[in-house]
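Not measured: the values here are computed from a predicted model. These numbers come from the heavy atoms of this one structure, side chains and all, not from hydrogens, waters or symmetry mates. We count ligands from 1, going down the list as the structure has it; atoms in each ligand are counted the same way.
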Amino acid sequence: MKRVWIETYGCQMNVADTELMLGVLGREGYVAADVPEGADVLLVNTCAVRDNAEQRVIGRMGELQRHKHPGVILGVVGCMAQRLGPILLEQVPAVDLVVGPDGYRNLATLLGHAQAGQRVHDTEYRSWEHYEDVPQVREPGPTAFVTVQRGCDYRCTFCIVPTTRGPERSRVMAEVVREVELLAADGVTEVTLLGQTVNSYHDGTHDFADLLRAVGAVDGLRRLRFTSPYPTDFTPQVIEAMATTPAVCDHVHLPVQSGSNAILKRMLRRYSRERYLEVVAALREAIPGMTFSTDIIVGFPGETDADFADTLSLVEAAGFDDAYTFKYSVRDGTPAVKLKDHVPDDIASTRLTALVTAVRAQARRRNAQRVGEVHEALVERPARRGGMMLARTRRNHMVLLDVPAESIGEYHRVRLTGTTGSTFTGAVERPALAVL
Ligand code: 5AD
């Protein structure tokens with residue numbers, strides 16, 4: 001039996017892809033290693049979206065080489081593998097194998113070649129590939145990721161993903177439903193549907209509204225989430241499906257990228273600030289209490305102080321509860337490389353700090369007002385802090401609960417008793433409403 005250690009960087013789709021690779025390799029007799037020491041195969045599943053993500057991987061590969069005894073294979077997979085391909089083999093002598101996101105089906109064969117002493121790469125695009133027949137190896141638990149769409153056909157000028165993940169394609173709805181049924185039969189009660197622009201899902205017959213309804217109807221499924229949607233793909237039909245499918249949760253992660261119309265245009269985002277706010281308003285109206293998080297880039301080429309001020313004011317106007325904030329990172333091969341007026345790093349850093357401060361202050365303010373509310377929370381996992389458990393509300397707030405480890409997977413009515421600003425402490429409401 002061979003042991004494989006996979007380290008995962010980047011987005012949720014990479015987490016799902018790692019589960020997929022463990023499935024592909026599991027069929028060939030590989031098992032997942034708990035630690036890199038002593039593994040026969042070391043794989044790093046990488047992200048290419050920003051330079052610092054790639055630098056981290058390069059640093060980590062240096063460390064992993066410690067475990068690369070004779071016969072041990074070191075491989076780079078994922079988006080950085082796709083972006084750099086054979087260049088990685090040239091520049092990092094310790095690397096034996098480089099495989100992009102469409103090549104995982106051949107992983108065992110390629111590992112065989114590597115074990116025979118070859119240095120191999122596979123960065124072919126396979127726009128039909130959904131790994132439909134691969135049984136993923138998932139961490140046991142109440143929640144699961146389900147990839148419903150791979151690749152991306154949008155052309156945001158900052159983004160490398162269309163290059164690393166190829167053209168957009170959606171899985172057939174019936175296949176997705178079948179997978180969710182199997183998960184539900186296994187005890188999973190919350191599913192997150194994944195796609196680069198997940199709400200543009202279309203399998204030729206069914207759109208995202210159909211998908212939400214069909215998945216939401218699966219017996220045993222209590223919560224349905226999805227990430228990441230694209231603002232203008234929230235059609236009235238999708239919003240209606242969200243409002244009328246009880247499993248759909250009251251939180252949307254909706255990347256805005258900038259609050260300035262001039263910058264949105266340069267980014268080739270297909271909406272204005274006003275349109276974005278309309279979408280947020282429409283969702284809030286359809287699902288009262290809905291919360292929003294977002295992704296924001298600062299320091300995009302041409303961004304002025306006034307543009308940045310528009311981003312700051314959008315944070316408030318949209319009422320975000322959370323934001324992932326990034327300094328623009330130039331990616332070779334993206335259209336934005338050619339844009340003029342690159343923003344000096346110190347200015348971008350200052351803006352990033354100001355933005356983070358604004359987002360945190362707003363989250364703290366909003367969360368302070370929520371103390372005392374009662375919400376349904378799913379106990380997900382142990383917290384780092386002494387014996388407590390972490391639970392998540394439908395609005396995506398994390399709540400520290402003093403409940404036993406055996407409560408993982410349980411749904412409780414929980415009163416929010418305090419907040420650190422970003423997360424909550426809570427108490428289970430007893431006795432009548434203890435378990436829903
Ligand atoms: N520089 C900085 N941030 C980026 N993102 C994508 N490409 C870049 C880039 N070149 C951010 C976007 C996206 C998130 C996943 O990463 O905000 O939504």
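- A donor-acceptor contact under 3.5 angstrom links the side chains of D295 and H253, judged on distance only.
- For the side-chain contact (heavy atoms from CB on, under 4.5 Å) criterion with Y201, the lone passing option out of D233, D210, L211 is L211.
- The nearest heavy-atom contact from the protein to atom 8 (C) of ligand 1 is V49 O, 3.6 Å.
- Of all atoms in ligand 1, listed by their number and element, those nearer than 4.0 Å to a heavy atom of R331 are 10 (N).
- Annotation: cation-pi geometry satisfied between R270 and Y154 (NZ/CZ under 6.0 angstrom from ring centroid, within 45° of ring axis).
- Under 4.0 Å from ligand 1, the heavy atoms of F326 that appear belong solely to its side chain.
- Residues R266 and D307 are not paired through a salt bridge, judged by the lack of any N-O separation under 4.0 Å between the basic side chain and the carboxylate.
- The option with the heavy atom closest to atom 18 (O) of ligand 1, from among D295, T157, L254, is D295.
- Of the residues D305, D346, D345, the one that meets the salt bridge (charged side-chain N to carboxylate O under 4.0 Å, His left out) test with R351 is D305.
- Only side-chain heavy atoms of Q257 come within less than 4.0 Å of ligand 1; its backbone N, CA, C and O stay farther off.
- Closest protein heavy atom to atom 1 (N) of ligand 1: S329 N, 2.9 Å.
- Geometrically, R370 does not engage F424 in a cation-pi contact defined by less than 6.0 Å to the ring centre and at most 45° from the axis.
- The shortest N or O to N or O distance between F158 and ligand 1 is under 3.5 Å.
- Considering E129, E28, E132, E124 in turn, E129 is the only one that fulfils the salt bridge (charged side-chain N to carboxylate O under 4.0 Å, His left out) rule with R105.
- The nearest protein atom to atom 16 (O) of ligand 1, hydrogens excluded, is given as R50 NH1, 2.8 Å; this is a heavy-atom distance.
- Proximity of I297 to ligand 1, defined as any heavy-atom pair under 4.0 Å, is confined to the side chain (atoms from C-beta onward).
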